[in-house]
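Every value quoted in this text rests on a predicted model; they were computed, and no experiment measured them.
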Amino acid sequence: MKSSELSQDQYGTLFMVGTPIGNLEDMSFRAVRILQTVDAIAAEDTRHTGKLLHHFQIKTPQISYHQHNTKTRTPELIERLLAGQNLALVSDAGMPSISDPGYELVQACVQAEVSVIPIPGASAVIAALVASGLPCDRFCFEGFLPNKGKLRQQRLQDLAAEPRTIVLYEAPHRVRQTLQALADQVGLDRQITLARELTKRYEQFWRGSLQAAIAYYHTHEPKGEFTLVLEGRSVITHPPSESDLQAALQQLLTQGWSKSRASRQVAQTHSLSRRQVYQLALQLEEETSITCAESD
């Protein structure tokens, strides 16, 4: 083996290799070296990865590993690793496992005590975040929102109370719908950055309020792959009163949230003790019951 990083133990090593998200110049020397020296490359799309390998004159054989064959392919790859082979896992772009296949294989490696080594590369999440103009010290990544239904609505409600900067992925044909759905939950004034075609020829950053974004994309057709960076909810600088907290609880309870979940959300939003807020929820429930009994 040419690489000192390749396993000298009885078992092989799985390398999680980051690949460019557009611009091939973002491929690292280390990533090229690893892909040249492993026994095989597990790729999300072997045709797509084949173009990358051809560009860097890498002749390592590939094996497909995508969302439709992870259950059958994972045991096969683990068997090869246990036999001493070193493997690399790549997705079509960026780091594997980030909205791409990989988690199941890493979990299986951990259980089998097989070494997993990340080879960092380009990431749309970080690229969009640092150029967004929004706070980067604390953020959360939500990937793709559910397409529709109750699960999508619930996720949007959760994001409305999130104080950290929020990063999302979105397909071009759903950008307009998602912008409107976000505005309905968090308000039209919330700031957002839409990063399009990151590192590619037509890379573009659009920055402004959700209201302005909706207006802009009403007259401009969304094209390419989008990463959305949404401003988090403003943190309240003064301690909320009991009535403020009960009003927030009542709003969530009316939407069908359980007392426990509503208390956890309100406590997180206002940086308070969950037990303290839960006591208010119980008090609110008791007061509501008494009011109902008196009206009867």
Side-chain angles (χ1 to χ4, degrees), residues 16-36 41 43-60 62 64 66-67 88-102 118-134 136 139 141-145 165-180 182 191-210 212-231:
M16 307 283 286
V17 181
T19 57
I21 58 177
N23 193 321
L24 292 180
E25 293 181 4
D26 291 334
M27 188 74 167
S28 73
F29 291 113
R30 187 184 181 199
V32 171
R33 174 170 55 81
I34 292 296
L35 294 182
Q36 287 174 334
I41 299 168
E44 183 180 5
D45 184 335
T46 55
R47 291 170 300 179
H48 182 90
T49 299
K51 297 176 182 178
L52 177 72
L53 300 184
H54 177 76
H55 180 83
F56 290 102
Q57 300 180 358
I58 298 170
K59 302 186 183 300
T60 306
Q62 295 187 74
S64 65
H66 49 74
Q67 62 177 336
L89 177 66
V90 300
S91 61
D92 289 348
M95 289 298 294
S97 289
I98 305 298
S99 292
D100 282 322
I119 309 298
S123 168
V125 178
I126 301 302
L129 178 66
V130 299
S132 68
L134 295 171
C136 303
F139 70 94
F141 173 61
E142 285 291 321
F144 289 93
L145 292 173
T165 300
I166 302 159
V167 185
L168 305 165
Y169 286 158
E170 192 52 279
H173 64 279
R174 287 198 297 266
V175 165
R176 289 169 175 164
Q177 177 188 2
T178 296
L179 288 173
Q180 187 60 60
L182 288 170
Q191 295 296 300
I192 189 170
T193 294
L194 290 93
R196 184 177 73 87
E197 292 290 270
L198 286 168
T199 79
K200 300 176 184 177
R201 180 179 180 182
Y202 297 106
E203 177 181 273
Q204 178 189 38
F205 288 88
W206 188 99
R207 303 174 180 88
S209 67
L210 275 169
I214 291 170
Y216 178 83
Y217 284 103
H218 179 71
T219 57
H220 294 75
E221 186 68 25
K223 295 180 180 180
E225 299 179 359
F226 281 80
T227 303
L228 281 56
V229 186
L230 179 68
E231 179 186 23

Expected output: side-chain E231 to main-chain Q191 donor-acceptor under 3.5 Å
yes
Show your working on side chain to side chain contact (heavy atoms under 4.5 Å, CB included) between D26 and N23 and close with a plain yes or no.
CA-CA 6 Å; D26 291 334; N23 193 321; 3.8 Å; yes
So which heavy atom on A195 is nearest to which on F205, and how close?
CB-CE2, 3.6 Å
Side-chain contact, heavy-atom cut-off 4.5 Å: I192 with L179?
yes
So which heavy atom on P120 is nearest to which on P118, and how close?
CD-O, 3.4 Å
What are the two closest non-hydrogen atoms of I21 and A93, and how far apart are they?
CA-CB, 3.8 Å
Does any N or O in the side chain of E44 come within less than 3.5 Å of the main-chain N or O of D92, such that one atom is a donor and the other an acceptor?
yes
Worked verdict on V175 versus L194 for side chain to side chain contact (heavy atoms under 4.5 Å, CB included)
CA-CA 10 Å; V175 165; L194 290 93; 4.0 Å; yes
Distance in Å, Q204 CD paired with F226 CZ, rounded so as to fall on 0.5 Å steps
7.0 Å
Side-chain donor/acceptor of Q62 to backbone N/O of T46, under 3.5 Å
yes
List the steps, then state whether side chain to side chain contact (heavy atoms under 4.5 Å, CB included) holds for V167 with E142.
CA-CA 6 Å; V167 185; E142 285 291 321; over 6 Å; no
Closest heavy-atom pair and its distance - A31, G18:
CB-O, 4.1 Å
Quick one, L230 and L210 - any side-chain contact, counting heavy atoms below 4.5 Å?
yes
NZ of K223: more than 12 outside heavy atoms within 6.0 angstrom?
no
P20 side chain reached by L52 side chain, heavy atoms, under 4.5 Å
yes
Counting only heavy atoms from other residues, nucleotides and ligands, does the tally under 6.0 Å from CD of E203 exceed 12?
yes
Are side-chain heavy atoms of Q180 and I214 found at a separation under 4.5 Å?
yes
Rounded to the nearest 0.5 angstrom, the CD1-CD distance for I58 and Q36 is 5.0 Å
Looking at Y217, is its backbone amide N or carbonyl O close enough to the side chain of R176 to form a donor-acceptor pair, meaning the two atoms are under 3.5 Å apart?
yes
Quick one: sort the Y216 and W206 rings into parallel, tilted or perpendicular, breaks at 30° and 60°.
tilted
Does the E197 side chain pair with the main chain of E225, one donor and one acceptor, at a distance under 3.5 Å?
yes
Do H173 and P222 have side chains that approach each other closer than 4.5 Å (heavy atoms only, starting at C-beta)?
no
Distance in Å, I119 CD1 paired with I34 CD1, rounded so as to fall on 0.5 Å steps:
4.5 Å
Using the rule given for side chain to side chain contact (heavy atoms under 4.5 Å, CB included), can you reason through L145 versus Y169, listing the C-alpha separation, both sets of side-chain angles and the distance that settles it, and then say yes or no?
CA-CA 8 Å; L145 292 173; Y169 286 158; over 6 Å; no
Which value, rounded to the nearest 0.5 Å, describes the distance between L129 atom CG and I166 atom CD1?
12.0 Å
Side-chain contact test, heavy atoms from C-beta onward, threshold under 4.5 Å: evaluate it for F141 versus I98 and give yes or no.
yes
Side-chain contact, heavy-atom cut-off 4.5 Å: T227 with L168?
no
Heavy-atom nearest pair, T19 first then S91, reads OG1-O, 3.6 Å
Spacing of OG belonging to S97 relative to CG belonging to L89, to within rounding of 0.5 Å
6.5 Å
Which of V229, T165, L228 passes side chain to side chain contact (heavy atoms under 4.5 Å, CB included) with T193? Answer is V229
Less than 4.5 Å apart, any side-chain heavy atom of K59 and any of L53?
no
For R207 against A131, the heavy-atom pair lying closest together:
NH2-O, 2.6 Å
